[in-house]
Amino acid sequence: MTRKELERKLEQLGCLDWYSLDGSLCSDRRILYENYSVWEYFYMDERGNRTPLKLFTSAEEAYDYIYKEATTRMYNLCLLYTSPSPRDR
């Protein structure tokens with residue numbers, strides 16, 4: 001998968017703004033950053049603290065992983081907000 005393809009898919013999911021795929025260090029986002037020959041994927045909080053998530057040897061491998069993670073996160077959010085609460089049972 002290319003970066004443009006991933007951006008299009010994340011846009012369709014409605015979560016493109018959760019990510020920084022160009023290496024920009026934006027707060028409260030999951031960032032993909034090329035560090036020499038390694039692609040670092042991490043979360044940066046509003047204070048600039050990094051939480052490492054995963055390392056990749058290629059951009060394509062990272063894009064595939066990010067898409068799978070995004071679909072899982074969106075699925076879980078849908079379940080959370082569409083499941084009846086215990087009070088409704």
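- Taking OG from S24 and CZ from R29, the interatomic distance works out to 8.5 Å, rounded to the nearest 0.5 Å.
- A 6.0 Å sphere centred on OH of Y33 holds no more than 12 heavy atoms belonging to other residues, nucleotides or ligands.
- Y65 and L21 fall within the same hydrophobic cluster, defined by Ile, Leu, Val, Met, Phe, Trp and Tyr side-chain heavy atoms under 4.5 Å apart, directly or through other members.
- One distance of note links OG1 of T72 with CG of L77; it measures 11.0 Å at 0.5 Å rounding.
- Side-chain contact between C15 and M74 is present, with at least one heavy-atom pair separated by less than 4.5 Å.
- No side-chain donor from either of Y19 and E7 sits under 3.5 Å from a side-chain acceptor of the other.
- Contact annotation: the side chain of Y41 approaches that of I66 to within less than 4.5 Å [non-hydrogen atoms, C-beta and beyond].
- K68 is linked by a side chain to side chain contact (heavy atoms under 4.5 Å, CB included) to nothing, counting only residues two or more places apart in sequence or in another chain.
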**CA sep, side-chain torsions, deciding dist, call: T2, R8, side chain to side chain contact (heavy atoms under 4.5 Å, CB included)** = CA-CA 10 Å; T2 66; R8 188 172 53 250; over 6 Å; no
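- Looking at heavy atoms from C-beta onward, E34 lies out of side-chain contact with D22 at the 4.5 angstrom threshold.
- Listed here is the closest heavy atom pair of L10 and A70: CD2-CB, 3.5 Å.
- Hydrophobic clustering (ILVMFWY, side-chain heavy atoms < 4.5 Å, transitive): W18 and M1 are in one cluster.
- When atom types are taken as modelled, the side chain of N35 and the backbone of V38 share no donor-acceptor pair closer than 3.5 angstrom.
- Side-chain contact check for D45 versus D28: every heavy-atom pair is 4.5 Å or farther apart.
- Ion pairing of E69 with R30 is present here, as a side-chain N (NZ or NE/NH1/NH2) and a carboxylate O approach within less than 4.0 Å.
- A cation-pi arrangement is found for K9 relative to Y67, the charged atom lying closer than 6.0 Å to the ring centre and inside a 45° cone about the ring normal.
- Among all heavy-atom pairs drawn from Y63 and L32, the shortest one is CE2-CD2, 3.5 Å.
- The structure places CG of L55 at 10.0 Å from CD of E61, a figure rounded to the nearest 0.5 Å.
- Follow the hydrophobic side-chain contacts under 4.5 Å out from F42 and you never reach F56; the two are in separate clusters.
- Side chain to side chain, Y43 and N49 fail the donor-acceptor criterion of an N or O pair below 3.5 Å.
- Atom CD of E46 and atom OG of S27 lie 7.0 Å apart (nearest 0.5 Å).
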